[in-house]
Structures are given as structure tokens and as C-alpha cells.
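I have a structure here, written as C-alpha cells, and I will follow up with some questions on it.
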Amino acid sequence: MAELTPKKKNIFREYGEALFVALLVATFIRLFLISVFTIPSGSMLNTIQIGDYILVSKLSYGLKLPITDTWIYKGDGPQYGDIIVFKYPKNPSVDYIKRVVGLPGDVIEVRNKQLYRNGEAVHEDYIIHLRNGFDGPLDNMRPFKIMEDQYFVMGDNRDNSEDSRAWGTVHRDQIYGKAWRVYWSWNPRENSIRFDRLGKKLE
């Protein structure tokens, strides 16, 4: 009995199938696991630089269906110090990145640039003030209680960040996920790669 020899696939078909599978995997990762964002402003200096490209973990706080944003399951919500990417509450078509400083039930207050949470001063070694000695409109804020499923966020560059002090809290449903790592960084002033930032964990 003669052996049957498997028919060879057309090389273009093989490459086409491989490309199709790769695109499916990439789409799945993008929709459910990790998103990529570019940082165009300095509101998170010095933690995140202008020109950083960051990976955001979508599974950090649960899993949503794409497009509809319906929760499949909810995990633990953001915690103090988490850097999150979210839809800007005043314009959901715009993405923002800030740090979580207040959780549901907390009372947040700002006095002379100092953040207070539930009546106690919060030590934050990651923030910078570029205008010390100058009180801006966001340097003082009366006590504010955070409602359920809401989060109070602020930029690390406190004197150059429009955040929850200006436009209120972020609802959990508006959050894409937790900023994870810098995968690429381009210095626009020097037109060069910041090699020391590649792969840097954000915290």
C-alpha cells in the first residue's frame, strides 16, 4: 500500500495563517489583558516622564467586556498609591493618568499643599512642588468625603496637575487599569531613547 504524503501548503497561505493567529492573540491581549498608553504631559513628573510609553494591566481590578465595559467579575479596587489610567470624567474620550490618594469613605483635605486623609497628614515621597512659596487655586481644599465606587486621584507633579482637586473623583467603571511598566521612553527634547527607563516598574 502506498503511503499518503501530506499535501504541502502554499507558502503564502502558511504566512497568512500565522499572521492571522498573531493578530488574534494581539487583539485578545489588547482587549482583555494589557493596553498601551503614551504620556504627553508632565503632570506625573518625576515618576513618569513626557515621552514614556507605558503598559497598563487591565486585570488588576477585575475583567470587563470590551466596548460595553460590562464587568465579568470585579476584583479588589485600586489601593493607595496605585497609578491608574482612566477616562477623564468631563470628557470620556480623553485618557488621564494619576495616582490614587483617596478610597471610598475617606475624607480628603488639602491645606497649604499638604494632603490630609481622614484628618492625618499623608507622607508622599514621590511628589514634587515646582512653585514652593506660591499658593495656587488647588493648594487648598476643604474636607471632601469620597462616595462609594469613587476614587480621589492626584498627579505627582502637584503644582502642574489638574486632578480630583479640580474636577472631582473618578468612578471605578471609568478606570482602564493599573499602570505597570515603561516599555519605551523617548526624550523629545534631546531626540533620544532613555535606555535607563526601559522596563522600569511604575510605583
Side-chain angles (χ1 to χ4, degrees), residues 34-62 75-92 94-132 136-141 143-183 185 197 199-203:
I34 294 175
S35 283
V36 176
F37 291 87
T38 309
I39 306 302
S41 72
S43 69
M44 285 296 293
L45 291 171
N46 284 324
T47 306
I48 302 176
Q49 302 292 316
I50 297 173
D52 278 353
Y53 290 70
I54 64 172
L55 300 175
V56 174
S57 170
K58 289 188 168 185
L59 290 177
S60 297
Y61 310 123
D76 294 333
Q79 302 300 310
Y80 297 129
D82 284 2
I83 301 172
I84 61 172
V85 174
F86 55 92
K87 298 176 183 178
Y88 176 39
K90 288 191 173 183
N91 183 359
V94 177
D95 301 327
Y96 267 34
I97 182 167
K98 303 290 179 187
R99 188 184 294 273
V100 175
V101 299
L103 306 182
D106 285 342
V107 175
I108 296 295
E109 181 182 4
V110 180
R111 284 180 279 168
N112 299 321
K113 300 180 184 286
Q114 173 64 54
L115 172 67
Y116 291 84
R117 186 166 57 224
N118 301 322
E120 297 186 3
V122 180
H123 174 69
E124 304 171 284
D125 56 7
Y126 42 76
I127 66 172
I128 61 172
H129 286 288
L130 300 179
R131 297 196 302 267
N132 282 317
L138 303 182
D139 291 336
N140 292 278
M141 187 190 79
F144 174 85
K145 185 172 183 178
I146 305 172
M147 298 294 100
E148 184 179 358
D149 283 335
Q150 302 283 343
Y151 296 86
F152 200 96
V153 298
M154 298 173 73
D156 289 357
N157 185 0
R158 289 291 156 84
D159 295 331
N160 189 30
S161 173
E162 186 186 69
D163 45 43
S164 287
R165 296 171 293 175
W167 37 255
T169 52
V170 176
H171 194 279
R172 184 170 179 179
D173 289 345
Q174 296 173 316
I175 299 173
Y176 286 110
K178 181 179 179 180
W180 178 40
R181 288 185 185 274
V182 177
Y183 79 92
S185 185
R197 294 192 60 76
K200 182 178 178 62
K201 186 178 180 180
L202 296 173
E203 52 191 4

Requested in this report: Quick one: pull up CD1 in I108 and CZ in R117 and give me the separation to the nearest 0.5 Å.
Outcome: 6.0 Å
Query raised in the report: Does a side-chain heavy-atom distance below 4.5 Å link K113 with D159?
Result: yes
**Report entry** Evaluation steps, side-chain contact (heavy atoms from CB on, under 4.5 Å), between V122 and V101
**Finding:** CA-CA 9 Å; V122 180; V101 299; over 6 Å; no
Query raised in the report: Would one find more than 12 heavy atoms of other residues, nucleotides or ligands at under 6.0 Å from atom CG of D76?
Result: no
**Report entry** Residue pair R181, Y183: steps toward the side-chain contact (heavy atoms from CB on, under 4.5 Å) verdict
**Finding:** CA-CA 6 Å; R181 288 185 185 274; Y183 79 92; over 6 Å; no
**Report entry** All ring pair (Phe, Tyr, Trp, His ring centres under 6.0 Å) counterparts of F37, not counting sequence neighbours
**Finding:** Y176
Query - Whether N140 side chain and N112 backbone form a donor-acceptor pair below 3.5 Å - result: yes
Report task. Kindly compute the distance separating CE (M141) from OH (Y116), expressed to the nearest 0.5 Å. Result -> 12.5 Å
Query raised in the report: Who passes side-chain contact (heavy atoms from CB on, under 4.5 Å) against E203, sequence neighbours left out?
Result: K201
Query - Close side-chain approach of L202 and V182, heavy atoms under 4.5 Å - result: yes
**Report entry** Rounded distance (nearest 0.5 Å) linking atom CD of E109 with atom CG of L115
**Finding:** 9.5 Å
Query raised in the report: Looking at side-chain heavy atoms only, is the closest gap between S35 and V85 below 4.5 Å?
Result: no
Report task. Report yes if some heavy atom in the side chain of I54 is under 4.5 Å from a heavy atom in the side chain of I97; otherwise report no. Result -> yes
Query - Reported CD-to-CG distance for the pair Q114 and D139, which is rounded to 0.5 angstrom - result: 11.5 Å
Query raised in the report: In terms of ring plane angle, is the pair W167 and Y96 parallel, tilted or perpendicular, where the classes change at 30° and 60°?
Result: perpendicular
Query raised in the report: Which atom names give the shortest non-hydrogen contact between Q174 and P89, and what distance separates them?
Result: NE2-CA, 3.7 Å
Query raised in the report: Is a side-chain donor or acceptor of R165 paired with a backbone partner of V110 at a separation under 3.5 angstrom?
Result: no
Query raised in the report: Under 4.0 Å between a Lys/Arg side-chain N and an Asp/Glu carboxylate O for R158 and E124?
Result: yes
Query raised in the report: Would you say D106's side chain and L103's backbone share a donor-acceptor pair under 3.5 angstrom?
Result: yes
Query - Pairwise distance OG(S164) to CD1(I146) - rounded to 0.5 angstrom - result: 8.0 Å
**Report entry** Side-chain donor-acceptor pair present, N157, S43, cut-off under 3.5 Å
**Finding:** no
Query raised in the report: So do M44 and I39 actually touch side chain to side chain, heavy atoms under 4.5 Å?
Result: no
Quiz: residues 147-154 side-chain donor-acceptor pairs under 3.5 angstrom, not counting sequence neighbours:
unit_1	atom_1	unit_2	atom_2	d
Q150	OE1	T169	OG1	2.8
Q150	OE1	H171	N	3.4

Requested in this report: Go through the steps for D52 and K200 under the test side-chain contact (heavy atoms from CB on, under 4.5 Å), then give the verdict.
Outcome: CA-CA 10 Å; D52 278 353; K200 182 178 178 62; over 6 Å; no
Query raised in the report: Counting N and O atoms only, with roles assigned by atom type, does the side chain of Q79 sit under 3.5 Å from a partner on the main chain of G77, one being a donor and the other an acceptor?
Result: yes
Query raised in the report: So how far is it from I48 CD1 to I83 CD1, rounded to the nearest 0.5 Å?
Result: 4.5 Å
Query raised in the report: Can you name the nearest heavy-atom pair linking E162 to A166, along with the distance?
Result: CG-CB, 3.6 Å
Requested in this report: Would you indicate whether the side-chain heavy atoms of Y61 and I84 approach each other to under 4.5 Å?
Outcome: yes
